[in-house]
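Worksheet for the structure shown next.
Throughout, a chain's letter reflects where its sequence line sits, starting with A, and its residues are numbered from 1. Just so you know, these numbers come straight off a predicted model, no measurement behind them.
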There are 2 protein chains.
Amino acid sequence: MTQIDLSPKTCANCPIRPRAICSRCTADELMELDKIKFYKTYPAGASVVLMGDPMTFVASVVSGVATLSRSMIDGRMQMVGLLLPSDFIGRPGRDKASYDVTAVSELTLCHFHKKPFEKVTHATPHVQERLVEIALDELDAAREWMLLLGRKTAREKIASFLLICARRLGRKEGESLHLELPLTRDAMSDYLGLTIETVSRQMAALKRDGVLLLEGTRKVKIPDFSRLLDEAGDDSDGATLS
Amino acid sequence: MTQIDLSPKTCANCPIRPRAICSRCTADELMELDKIKFYKTYPAGASVVLMGDPMTFVASVVSGVATLSRSMIDGRMQMVGLLLPSDFIGRPGRDKASYDVTAVSELTLCHFHKKPFEKVTHATPHVQERLVEIALDELDAAREWMLLLGRKTAREKIASFLLICARRLGRKEGESLHLELPLTRDAMSDYLGLTIETVSRQMAALKRDGVLLLEGTRKVKIPDFSRLLDEAGDDSDGATLS
DNA sequence: CGCCTTCTTGAACGGTCTCAAGCCCAGTGG
DNA sequence: CCACTGGGCTTGAGACCGTTCAAGAAGGCG
């Protein structure tokens with residue numbers, strides 16, 4: 001989980017450029033952004049911001065995994081977003097955080113001070129444009145998740161989660177698909193609106209039924225991808241893998 | 001529910017201007033938009049678009065209520081958005097509908113042909129800017145809803161729904177707050193991730209406990225707003241009413 | 001009036017949660 | 001080497017909340 005990247009951090013060799021907020025930027029625009037950016041690495045488990053905190057920056061995930069979550073006064077919590085490399089954190093035009101952001105693995109962010117970022121935003125339509133796309137993509141993901149939370153069974157929820165992970169993190173090896181889960185069972189339960197016990201039981205059930213193989217608790221093999229699709233209950237949105 | 005508006009439909013007397021996609025536009029920009037817009041009214045119950053349909057337009061809700069929903073092959077469905085006047089439908093840059101859009105009351109939309117709208121979007125930063133805001137607001141609402149779907153009890157779900165309705169549709173009359181529910185029990189159940197029976201039972205329970213009064217099935221009085229806030233389980237986000 | 005549709009109410013079932021142990025494994029210290 | 005510890009995970013038994021199935025009430029409208 002703890003990968004050490006010794007290469008210098010510059011826009012030129014940035015691994016997330018193709019999908020990030022700056023993907024459409026010209027060389028000139030990149031230089032503008034470059035002036036106001038800074039990198040920071042958080043250890044696993046660290047809190048990046050807490051709901052209600054003043055937000056003085058926006059950022060892109062460069063490496064690692066973070067979660068967005070909301071919680072109720074009595075402690076119940078629901079994860080509302082999973083942030084993987086290239087995902088964007090923060091909202092221009094709002095000065096208080098609407099969610100808790102937590103690093104679940106070692107996490108490196110590319111920060112922009114918010115005020116200057118907003119200026120750049122107004123001046124460069126390419127950033128604004130990409131921001132609309134990102135926001136609308138996240139909106140689609142959130143709504144997909146609403147269907148999962150409101151209507152899917154525990155088993156379908158687990159299968160859907162594996163599907164999402166497989167699409168973004170999986171690697172084909174021969175016939176089957178390998179992936180390493182980015183979350184603990186506990187975090188999975190927060191994501192899926194379940195308890196940790198139910199997550200554990202359903203993982204066991206899917207294993208028993210041959211939908212997946214487990215190596216340890218995090219490494220998963222999917223022998224038959226279409227089987228997983230069925231289990232997730234989605235009306236197959238094509239795209240076997242990116 | 002069926003209001004007939006005989007006034008001529010023009011941007012000049014548009015009731016939703018302050019919040020709509022065009023709210024920031026200058027007179028010149030409005031004229032550009034005016035060229036590519038057209039109004040259309042749908043009867044209650046009509047389908048506006050179905051998931052997967054080609055989307056040739058985007059639109060704003062002028063009057064009436066519409067819902068966004070997704071459904072699974074076996075018929076389970078989850079509402080993922082409630083569209084009230086001034087809300088925006090559609091997504092520039094995508095040509096297939098991601099959800100079903102349904103009119104739940106008589107519904108009037110202000111349509112823009114998508115292609116020309118996208119051009120205007122690129123040319124006028126004010127529209128782009130407002131689009132980012134709208135998308136991010138919807139994202140916040142969707143994530144709030146995820147907390148509700150994943151973690152709240154049936155009773156809390158009903159109370160939260162009433163709260164949302166009260167905030168956007170309620171009118172103070174003396175001490176108490178009056179509002180007319182925009183949805184049937186059935187649509188409420190789709191929204192809240194419940195069954196219609198549970199909705200009915202919990203409405204009855206809230207009535208029994210004095211949280212609300214019912215006149216018929218749609219007209220609701222809230223004698224004590226802060227009581228409703230408690231029942232919803234939210235960490236009071238201030239804003240008693242608009 | 002009868003016939004819709006919408007809503008309410010009741011009884012039984014079942015999926016998920018709660019509570020409580022116990023397992024596995026890595027790390028630590030004797 | 002072992003014993004101990006703590007975190008993450010699994011497993012079991014029972015309770016509970018919301019669903020399912022079924023019937024009936026309340027309007028709206030011919």
task = Salt-bridge test for B:R201 and B:E197: reply yes if a basic N is under 4.0 Å from a carboxylate O, no otherwise.
result = no
key: Minimum-distance nucleotide (side-chain atoms of B:A204 versus D:dT19, D:dC9, C:dT9)   = C:dT9
query = With nearest nucleotides of DNA chain D determined for B:T153 and A:T184 from heavy-atom distances, which residue corresponds to the more 5′ nucleotide?
reply = A:T184
ask   = If you take atom types as modelled and just measure distance, does the side chain of A:E197 reach the base of D:dC9 with a donor-acceptor pair under 3.5 Å?
value = no
Whole-Å distance separating the CZ atom of A:R218 from the P atom of C:dC25 = 16 Å
message = Of the listed nucleotides (C:dT8, D:dC21, C:dT16), which one gets closest to any side-chain atom of B:S200?
response = C:dT8
task = May I have the distance from B:L206 (atom CG) to C:dC7 (atom P), rounded to whole angstrom?
result = 17 Å
key: Ring geometry between A:F161 and A:Y191 (parallel below 30°, tilted from 30 to 60°, perpendicular above 60°)   = perpendicular
inquiry  = Does a side-chain N or O of B:T198 approach OP1 or OP2 of D:dG18 to a distance below 4.0 Å, or not?
reply    = no
query = How many Å lie between CG on A:L183 and C1' on D:dG7, as a whole number?
reply = 17 Å
query = Which of the following nucleotides, C:dT18, D:dC9, C:dC7, is nearest to the side chain of B:R185?
reply = C:dC7
query = Whole Å only: how far is the CZ atom of B:R151 from the P atom of C:dT16?
reply = 13 Å
Nearest to side-chain heavy atoms of A:R201, which nucleotide of D:dG18, D:dA13, C:dT9 = D:dA13
inquiry  = Tell me the interatomic distance from B:D190, atom CG, to C:dC7, atom C1', rounded to whole angstroms.
reply    = 15 Å
remark   = From CG of B:D186 across to P of C:dC4 the rounded distance in Å is 19 Å
inquiry  = I need the CE-C1' distance between A:M203 and C:dC24, as an integer number of Å.
reply    = 16 Å
request  = Could you check whether A:G216 gets within reach of a base, just the sugar-phosphate, or nothing at all, counting any heavy atom under 4.0 Å?
outcome  = nothing
request  = Indicate yes or no: does B:R70 engage A:D140 in a salt bridge with an N to O separation below 4.0 Å.
outcome  = no
query = Using a distance-only test with no angle check, is there a side-chain donor-acceptor pair under 3.5 angstrom linking B:S189 and B:T195?
reply = no
Protein-nucleotide distance (B:L149, atom CG; D:dC17, atom P), rounded to Å = 20 Å
inquiry  = Using the rule side chain to side chain contact (heavy atoms under 4.5 Å, CB included), only one of A:L82, A:L83, A:T67 pairs with A:V104; which is it?
reply    = A:T67
key: N/O (side chain, A:T217) to phosphate O (OP1/OP2, D:dC9) under 4.0 Å   = yes
